[in-house]
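Take a look at the structure below.
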Amino acid sequence: MAGIVIVGGGQAAASMAAKLRTLGYAWEVTIIGDEPVPPYQRPPLSKAYLLGDMPLERLTLRADDWWAANNIRLMTGTRVTAIDRAARQVRMGSEVLGYDQLALCTGATPRWLPEGIGGRLPGVHVVRTLADVDAMAPEFVAGRRLVVIGGGYIGLEAAAVARKLGLTVTVIEAAPRILGRVACAETADAIRALHTSHGVEIIEGTGLTRLTGADRVTGAELADGRVIEADFAIVGIGVTPASALAEAAGLEVENGIKVDAHCRTSDPAIWAAGDCASFLSADGRIRLESVGNAIDMAETVAENMLGASRAYAPKAWFWSDQFDAKLQIAGLNAGYDQVVTRGGDGQSFWYFRAGRLIAVDALNDARAYMIGKRLIEGGKQVSPDEVASTTDLKALMK
């Protein structure tokens with residue numbers, strides 16, 4: 001047998017390989033990743049690792065000897081250039097590797113600003129890989145000026161790190177408010193207040209005309225004519241699914257690599273998992289960019305590769321660390337029409353759609369997060385009035 005080949009070297013790939021071995025798969029397992037390092041955690045890159053609180057060795061998902069002990073072949077620093085579906089082979093330049101089953105865990109790529117408006121000037125950074133963060137880390141020197149383009153979680157996390165290290169920070173968000181695509185106004189208000197209390201300047205509802213500078217970025221020119229001076233810039237305007245390899249191979253692509261309920265692509269021998277894959281949910285075809293989804297989807301693929309025929313049922317959860325605050329999120333808030341705000345140990349924001357609880361944001365309130373997550377995943381219905389009026393959230397579980 002040619003075995004199983006996994007393209008991509010992140011969380012999904014590592015979880016899938018480990019699950020295959022746990023399930024007793026005895027044939028070849030190969031992970032091919034284009035980064036020069038073994039699989040590692042991405043979320044701490046813009047948080048603890050950038051701040052210097054997490055060393056490189058703690059980022060890695062498995063110890064070096066684990067891969068050999070489990071007979072998993074790691075091909076790091078290797079880019080797959082093509083898939084030959086008829087021959088069941090992947091190509092890496094002139095090298096060819098056969099497969100019985102193939103998994104695409106290619107992740108996503110950060111969006112850059114256009115080169116014509118200064119998006120590729122030296123001193124302009126994105127946050128996705130270890131190399132990205134290692135490249136920007138020397139810029140974080142007390143007293144320097146950082147401009148962050150984009151008021152999403154990645155940009156805000158980088159802004160928090162910069163302020164903690166003594167930099168002057170300005171966040172520029174073209175939309176009317178920060179977190180406009182991912183959170184309610186109430187959550188955004190709380191996060192904005194957190195940042196401004198730590199000295200971050202947030203400019204909302206104002207577009208970027210261009211990044212200024214000749215040999216290096218020197219500032220950001222805004223649509224209202226203002227120029228914000230900067231020593232470097234971080235662009236956090238989202239990611240796009242890395243689906244070009246799949247598309248070139250003729251696989252169906254729809255907001256990522258299109259998979260069925262079992263995470264199989266339009267080719268029965270090829271599967272996909274993680275940030276690159278789109279799947280059907282109750283709210284239509286979606287992608288989830290999270291560690292939890294990468295792990296759960298990859299493990300589902302491993303089971304189904306071995307004949308389980310298990311439908312993937314995502315359990316959405318996310319988190320963001322900013323300053324001394326932890327924001328924990330459970331569920332998906334798409335289409336919400338009501339938000340209930342609660343105080344307590346911290347703050348929590350409960351999303352409802354047509355009277356049904358669909359998500360919760362908990363800021364420094366782990367209890368609210370855990371109870372909300374259990375309610376959502378258990379399908380237990382609670383009303384907005386019950387959430388607003390109860391003095392004991394745990395009572396909602398009864």
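All values below come from the heavy atoms of this structure, side chains included, with hydrogens, waters and symmetry mates left out.
The main-chain N or O of Asp189 is never found under 3.5 Å from a side-chain atom of Arg177 such that the two would form a donor-acceptor pair. Not a single donor-acceptor pair under 3.5 Å links the side chain of Asp275 to the backbone N or O of Ala294. Under the 3.5 Å distance criterion, the side-chain polar atoms of Glu35 are left unmatched by any main-chain donor or acceptor of Val37. In this structure, Glu28 contributes its side chain and Gly3 its backbone to no donor-acceptor pair below 3.5 Å. Within the 3.5 Å criterion, the main-chain N or O of Thr196 finds no donor-acceptor partner in the side chain of Arg192. Listed for the Thr187 side chain is no donor-acceptor partner under 3.5 Å among the backbone atoms of Ala183. Between the side chain of Arg285 and the backbone N or O of Ser278, at least one donor-acceptor pair lies under 3.5 Å. Judged by distance alone, the side chain of Asp100 and the main-chain N or O of Ala2 form a donor-acceptor pair under 3.5 Å. Here the side chain of Asn293 pairs no donor or acceptor atom with the backbone of Glu289 at under 3.5 angstrom.
You'll find the side chain of Leu251 reaches within 4.5 Å of the side chain of Leu104, heavy atoms only. Between Ile172 and Thr170, the closest side-chain pair of non-hydrogen atoms falls below 4.5 Å. No side-chain heavy atom of Asn364 sits under 4.5 Å from any side-chain heavy atom of Gln347. Using a 4.5 Å heavy-atom threshold, the side chains of Val360 and Ile329 count as separate. Counting heavy atoms from C-beta on, the side chains of Leu156 and Val148 never come closer than 4.5 Å. At a threshold of 4.5 Å between non-hydrogen side-chain atoms, the residues Thr390 and Leu396 count as touching. By the 4.5 Å heavy-atom criterion applied to side chains, Asp84 and Arg88 are not counted as neighbours. In this structure the side chain of Ile257 reaches within 4.5 angstrom of the side chain of Thr106, judged on heavy atoms.
A distance of 12.5 Å separates CD of Glu186 from CG of Leu179, quoted to the nearest 0.5 Å.
Annotation for Tyr351: hydrophobic cluster partners, listed by chain and number, are Tyr336, Val339, Phe349, Ile358 (ILVMFWY side-chain heavy atoms under 4.5 Å, direct or chained).
Note: Phe323 and His198 have parallel aromatic rings, judged against thresholds of 30 and 60 degrees for the angle between ring planes.
Pairs passing the salt bridge (charged side-chain N to carboxylate O under 4.0 Å, His left out) check and including a residue from residues 317-342, sequence neighbours excluded, read Asp321-Lys326. Applying the ring-ring contact (aromatic ring centres under 6.0 Å, His included) test to every pair with at least one member in residues 75-120, sequence neighbours left out, gives no pairs at all. Pairs of residues two or more places apart, or lying in two chains, that qualify as salt bridge (charged side-chain N to carboxylate O under 4.0 Å, His left out) and include a residue from residues 140-154 are Glu139-Arg144, Arg145-Glu229, Arg145-Asp231.
Both Leu222 and Ile237 sit in one connected hydrophobic cluster of ILVMFWY residues. Membership requires side-chain heavy atoms under 4.5 Å apart, directly or through other members. Residues Leu167 and Val133 share a single hydrophobic cluster, defined by chaining ILVMFWY side chains whose heavy atoms lie under 4.5 Å apart. Val291 and Leu288 are not part of a single hydrophobic cluster, where members link through side-chain heavy atoms under 4.5 Å apart. Ile234 and Val171 fall within a single hydrophobic cluster, where Ile, Leu, Val, Met, Phe, Trp and Tyr side chains are chained together by heavy-atom contacts under 4.5 Å. Under the 4.5 Å side-chain contact rule for hydrophobic residues, Leu146 and Leu211 do not share a cluster.
The residues Glu95 and Arg91 are annotated as not salt-bridged, no charged nitrogen and carboxylate oxygen being separated by less than 4.0 angstrom. Using a 4.0 Å cut-off between charged side-chain N and carboxylate O, Arg226 and Asp224 make a salt bridge.
For Ala242 against Cys276, the heavy-atom pair with the smallest separation is O-CB, 4.0 Å. Contact detail for Gln41 and Pro44: the closest heavy-atom pair is CB-CD, 3.7 Å. In this structure, Gly152 and Glu173 approach most closely via the heavy-atom pair N-OE1, 4.4 Å. For the pair Ala188 and Ile178, the tightest heavy-atom approach, listed with the atom from each and the gap, is CB-O, 3.5 Å. Closest heavy-atom contact between Leu130 and Tyr40: N-OH, 2.8 Å. Between Gln101 and Met305, the shortest heavy-atom contact is NE2-O, 3.1 Å.
If you check the side chains of Arg310 and Asn304, you find no donor sitting under 3.5 Å from an acceptor.
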I'd like a table of donor-acceptor pairs (distance under 3.5 Å, sequence neighbours excluded) in which one partner is a side-chain atom from residues 5-19, with atom names and distances.
residue: Gln11; atom: NE2; partner: Ser15; partner atom: OG; Å: 3.2
residue: Ser15; atom: OG; partner: Gln11; partner atom: O; Å: 2.9

Kindly list each side-chain donor-acceptor pair under 3.5 angstrom involving residues 48-70, sequence neighbours excluded, with atom names and distances?
residue: Tyr49; atom: OH; partner: Asp134; partner atom: OD1; Å: 2.6
residue: Thr60; atom: OG1; partner: Glu57; partner atom: O; Å: 2.9
residue: Asn70; atom: ND2; partner: Trp66; partner atom: O; Å: 2.9

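Ring pair Phe318/Tyr153: centre-to-centre distance not below 6.0 Å.
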